**Student:** 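My structure is below; once you've seen it, I'll send some questions.
Throughout, a chain's letter reflects where its sequence line sits, starting with A, and its residues are numbered from 1. Quick caveat, the model's predicted, so the values are computed rather than measured.
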Amino acid sequence: GAVVSQHPSWVICKSGTSVKIECRSLDFQATTMFWYRQFPKQSLMLMATSNEGSKATYEQGVEKDKFLINHASLTLSTLTVTSAHPEDSSFYICSAGGLAGVVSTGELFFGEGSRLTVL
Amino acid sequence: AQSVSQHNHHVILSEAASLELGCNYSYGGTVNLFWYVQYPGQHLQLLLKYFSGDPLVKGIKGFEAEFIKSKFSFNLRKPSVQWSDTAEYFCAVNGGQTGANNLFFGTGTRLTVIP
């Protein structure tokens with residue numbers, strides 16, 4: 001199946017710094033990527049949808065200036081948490097779908113997740 | 001708005017016991033339904049999916065799920081669980097359109113299988 005890889009898998013940073021998380025589709029072209037956030041013992045909450053070459057669409061309540069998303073190519077999307085604070089500590093997961101050249105049936109492929117801890 | 005409910009938060013079973021995890025969704029239109037599994041320390045993986053046709057769907061590792069439209073349910077079942085099935089299970093639904101769409105996830109059910 002299609003493989004999605006995230007990097008880094010975990011990161012610790014100081015409050016006020018910015019952190020960039022990468023999401024790559026390794027063996028397919030992803031026209032659409034999704035970023036989720038997962039709190040402990042809770043479900044995945046969709047943060048934003050990014051389409052290659054256009055601005056991301058953010059879900060209600062997600063600060064677009066704080067969570068910057070860039071989808072510059074068909075195989076890479078990045079999430080930058082700007083001026084991170086301890087409450088931003090969470091597990092961030094990306095997924096990709098919309099296989100270029102293949103009729104997609106809505107199946108998404110998930111990355112391994114990135115655990116962010118802000119001190 | 002769509003929502004997905006998983007009523008079992010934590011299920012503990014002995015090996016060889018039968019499993020059924022509940023999933024109910026709220027959406028009036030055509031839906032695609034999924035079950036994902038997250039093994040400890042690993043990423044989400046697709047167990048099975050339903051788009052149309054036979055409402056009884058077979059997935060990997062002996063799992064199956066039945067779509068009951070009248071009950072808005074998509075329960076996951078396995079006749080005999082193994083210790084290796086210990087994981088977090090997520091039910092998800094999207095709006096039934098082709099192409100990549102937003103998935104709405106349930107809160108997940110943690111399954112612990114005791115050897």
**Student:** Using non-hydrogen atoms and a 4.5 Å limit, figure out which bit of E88(B) sits close to chain A: side chain, backbone, both or neither.
**Tutor:** neither
**Student:** Could you tell me whether the side chain of F105(B) reaches within less than 4.5 Å of the side chain of Q38(A), counting heavy atoms only?
**Tutor:**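 No, side chains not in contact.
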**Student:** Give a yes or no on this: more than 12 heavy atoms of other residues, nucleotides or ligands lie within 6.0 Å of atom NE2 of H85(A).
**Tutor:**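 Yes.
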**Student:** Do L79(A) and F91(A) belong to the same hydrophobic cluster, where Ile, Leu, Val, Met, Phe, Trp and Tyr are linked whenever their side-chain heavy atoms lie under 4.5 Å apart, directly or via other members?
**Tutor:** no
**Student:** When clusters are formed by joining ILVMFWY residues with side-chain heavy atoms under 4.5 Å apart, either directly or through shared neighbours, do V4(B) and L21(B) land in the same one?
**Tutor:** yes
**Student:** Between F39(A) and chain B, which part of the residue has a heavy atom less than 4.5 Å away: side chain, backbone, both or neither?
**Tutor:** neither
**Student:** For H43(B) and F110(A), work out which heavy atoms get closest and say how close.
**Tutor:**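 Taking every non-hydrogen atom into account, CD2-O, 3.4 Å.
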**Student:** Check this for me: K55(A), atom NZ, are more than 12 non-hydrogen atoms of other residues, nucleotides or ligands nearer than 6.0 Å?
**Tutor:** no
